[in-house]
There are 2 protein chains.
Amino acid sequence: MPKLSAKEHCLNDLRHRILMVDLEPGADLDEVSLADQYGLSRTPLREVLQRLAGKGLVVLQANRGAKVAPMDLATMRTFFQTAPLVYANIARLAAELRTSSQLDDLKAAQSAFLAGTRARDPGATALANHRFHAVIGEMAHNPYLSAALARLLIDHTRLSQTFYRPASPAEQVLVVKASDQHDAMISAIEAQEAALVTDLTLQHWDLSRDRLERFVRPDPLPVDVISLKDKRHAV
Amino acid sequence: MPKLSAKEHCLNDLRHRILMVDLEPGADLDEVSLADQYGLSRTPLREVLQRLAGKGLVVLQANRGAKVAPMDLATMRTFFQTAPLVYANIARLAAELRTSSQLDDLKAAQSAFLAGTRARDPGATALANHRFHAVIGEMAHNPYLSAALARLLIDHTRLSQTFYRPASPAEQVLVVKASDQHDAMISAIEAQEAALVTDLTLQHWDLSRDRLERFVRPDPLPVDVISLKDKRHAV
DNA sequence: GCTCGTAGTTTTGTATACAATGTGTACGCA
DNA sequence: TGCGTACACATTGTATACAAAACTACGAGC
């Protein structure tokens, strides 16, 4: 069991809280309060913030402290525009270049994902999903595209959390479908079938996008209030 | 005139030296010597290193200091594989989304590039070229692809420096051609002709790749040493 | 003779005190 | 009353001293 230093715990926990939108996009981060919250002095805490800034999780403002990386409308637009390109290319490279130990990591991430869904734990599920796709990024052995992927995954995970609502039956079906796609991707990556993985990845993206869109643009409220009244007891 | 703090100067200068391969890939960076070299204490210097690490210019090794980001064979292979994809997509977005002030920045970078070539200053030329493509990255308004682009440009600039040899006449022709392509790209971006910019960018990439390849795989030495002797005075 | 262990040195990591910068508020003046 | 300035407070940035970890070299044991 690797014993984590206070600094490592701080880094992981802040990362976790940002991805879970426990710390909201744009939120100011106070050095002193975070420092004694994690039981370290400001010096190493500032290094943690610099590191998080390097990964794109926070942004530093000179003489004005750090804040959680914001997510405005423009960001989201760009996200939807860019994700399929990067995901597809990463997936293709992953199929070609994956090592067997990375394949084990991927299967472990998928196990965690399944466990999360079974436990109805949206946070754990989202985090495992993040890990799953991050491992595919590692498989691609491409530092350039991985830099883009890492930033995409940050916003992808945060968007999922933002729009998540306690599992409706329809939602649950989609999650199961996503899990099946994960399994298919694992098989294809293991068999190194690059074209197939690319295709599966794009299907997976479409599912994810539909799921996000469903919350951004929900079904409109019924215009006819009277008829709604009649249906009240039909639920 | 913006007065630079010692810290900003340190950041810029280290960046500069890394891009110019004055600091070679993989070189160890000693905190204390760098600290008094730039006249600041270790605390802010470490922050500078963290920032450079975030940009991908250096890599940090826990309890074992920092070193300049290495460039091994695998990196170069990946670079050539990935560059056209990112450059082309960035260029297309830049044409669509550029602002007029960014267009001014781009023209300024091209002026600097031209000045560098005229002065036969390979360092200044490479840096201006870096800036030129970085501005196109800014125009794309896409933080995800920009992250990939930034890392590509680091290695692109370093490769150019590594393989640069004092301008042969043939080499000079290629630089002029590159400059012309820059001008064409500026016009196309100004006119927001996305398809044209994408095409020009890929042509520009081909030129750059040919130039790099020329040095990686130069013409073989003449096998027939005797006949070479006869030609000695013909040069 | 080689390996392992250990002491000393060098280098990195952390805490704290202090300086500088930014921010808010209250007061004076028009 | 409105605006500007100045002062006080809060927060960030820097330096230095100290602690911990890694590297080196030397010596003992097998």
Side-chain angles (χ1 to χ4, degrees), chain A residues 1-18 22-72 143, chain B residues 1-18 22-72 143:
Chain A
M1 216 63 174
K3 205 182 74 173
L4 293 180
S5 69
K7 194 175 168 184
E8 285 164 342
H9 171 252
C10 171
L11 191 93
N12 290 335
D13 193 58
L14 281 178
R15 189 184 107 95
H16 191 272
R17 289 171 67 186
I18 291 171
D22 177 30
L23 292 169
E24 292 182 13
D28 284 321
L29 299 171
D30 183 43
E31 293 183 1
V32 290
S33 66
L34 286 176
D36 54 49
Q37 185 173 332
Y38 289 104
L40 22 86
S41 75
R42 281 179 52 226
T43 309
L45 181 99
R46 282 166 66 86
E47 296 207 346
V48 167
L49 291 178
Q50 304 260 3
R51 273 200 168 70
L52 292 172
K55 291 181 174 184
L57 285 158
V58 312
V59 294
L60 300 175
Q61 317 161 93
N63 291 319
R64 239 171 299 159
K67 65 177 182 184
V68 178
M71 270 206 314
D72 50 14
Chain B
M1 214 66 173
K3 205 182 74 175
L4 292 180
S5 69
K7 194 175 169 184
E8 286 164 341
H9 172 252
C10 171
L11 191 94
N12 290 334
D13 193 57
L14 281 178
R15 188 184 108 94
H16 191 272
R17 288 172 67 185
I18 292 170
D22 178 30
L23 293 169
E24 291 181 15
D28 285 321
L29 298 172
D30 183 43
E31 293 182 1
V32 289
S33 66
L34 286 176
D36 53 50
Q37 185 174 331
Y38 288 104
L40 26 84
S41 75
R42 280 180 51 226
T43 309
L45 181 100
R46 281 167 66 87
E47 295 206 346
V48 167
L49 292 178
Q50 303 259 3
R51 273 205 173 67
L52 292 172
K55 291 181 174 183
L57 285 157
V58 312
V59 294
L60 300 175
Q61 316 161 91
N63 291 319
R64 239 170 297 159
K67 66 177 180 184
V68 178
M71 271 207 311
D72 50 15

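In the text below, chain A, chain B and the rest are named by the order of the sequence lines, each starting its count at 1.
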Gap between atoms [atom1] and [atom2], on [X] and [N] respectively (whole Å):
X	N	atom1	atom2	answer
Gln61(B)	dA22(D)	CD	P	13 Å
Glu8(A)	dA21(D)	CD	P	12 Å
Asn63(B)	dA19(D)	CG	C1'	12 Å

Has Glu24(B) got more than 12 heavy atoms of other residues, nucleotides or ligands less than 6.0 Å from its CD?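 No, because the 6.0 Å sphere around CD of Glu24(B) holds 12 heavy atoms or fewer from other groups.
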
Residues within residues 10-17 of chain B bordering DNA chain D, heavy-atom distance below 4.0 Å: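 Output list: empty, so none.
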
Tell me, which of residues 39-53 of chain B have any heavy atom that sits under 4.0 Å from an atom in DNA chain D?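 Contacts with DNA chain D under 4.0 Å: Leu40(B), Ser41(B), Thr43(B), Pro44(B).
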
Taking only residues two or more places apart in sequence, or in another chain, which ones meet [X] in a side-chain contact (heavy atoms from CB on, under 4.5 Å)?
X	result
Ala27(B)	Val68(B)
Pro70(B)	Val59(B)
Asn63(B)	none
Pro44(B)	Lys7(B), Leu40(B), Ser41(B)

Using the test salt bridge (charged side-chain N to carboxylate O under 4.0 Å, His left out), find all partners of Asp22(B) that sit at least two apart in sequence or belong to another chain.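 Salt bridge (charged side-chain N to carboxylate O under 4.0 Å, His left out) list for Asp22(B), sorted by chain: Arg17(B).
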
Only counting residues at least two apart or in another chain, list the ones meeting salt bridge (charged side-chain N to carboxylate O under 4.0 Å, His left out) with Arg46(A).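 With neighbours one apart ignored, the set is Glu31(A), Glu47(B).
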
Of all the heavy-atom pairs spanning Ser33(A) and Asp36(A), show the shortest one and how long it is.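 Here Ser33(A) and Asp36(A) meet closest at O-OD1, 3.1 Å.
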
Could you work out, with side chain to side chain donor-acceptor pair (under 3.5 Å) as the rule, every residue matching Asp13(B), not counting sequence neighbours?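 So Asp13(B) forms a side chain to side chain donor-acceptor pair (under 3.5 Å) with Tyr38(B).
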
Give a yes/no answer on whether the side chain of Arg64(A) brings an N or O atom under 4.0 Å of OP1 or OP2 in dG13(D).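 Arg64(A) to dG13(D) OP1/OP2: no side-chain N or O under 4.0 Å.
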
Is Lys7(A) near enough to dT14(C) that one of its side-chain N or O atoms lies under 4.0 angstrom from OP1 or OP2?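 Indeed, a polar side-chain atom of Lys7(A) lies that close.
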
Working to the nearest 0.5 angstrom, can you tell me the gap between Leu49(A) CG and Cys10(A) SG?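 Leu49(A) CG to Cys10(A) SG: 7.0 Å, rounded to 0.5 Å.
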
What is the distance from atom CG of Leu57(A) to atom CD1 of Ile18(A), rounded to the nearest 0.5 Å?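 Output value for this atom pair is 5.0 Å.
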
Where along residues 23-35 of chain B does a heavy atom come under 4.0 Å from DNA chain C, residue by residue in number order?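 Within residues 23-35 of chain B, the residues near DNA chain C are Asp30(B), Glu31(B).
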
Axis deviation across the helix from dG1(C)-dC30(D) to dA30(C)-dT1(D), five-pair ends, to the nearest 10°: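 Answer for the end axes of this duplex: 10°.
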
Which residue pairs pass the salt bridge (charged side-chain N to carboxylate O under 4.0 Å, His left out) test with at least one member in residues 52-69 of chain B, sequence neighbours excluded?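 The answer is none; no pair qualifies.
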
Can you list the steps and then say if Val48(B) with Leu34(B) is a side-chain contact (heavy atoms from CB on, under 4.5 Å)? CA-CA 11 Å; Val48(B) 167; Leu34(B) 286 176; over 6 Å; no

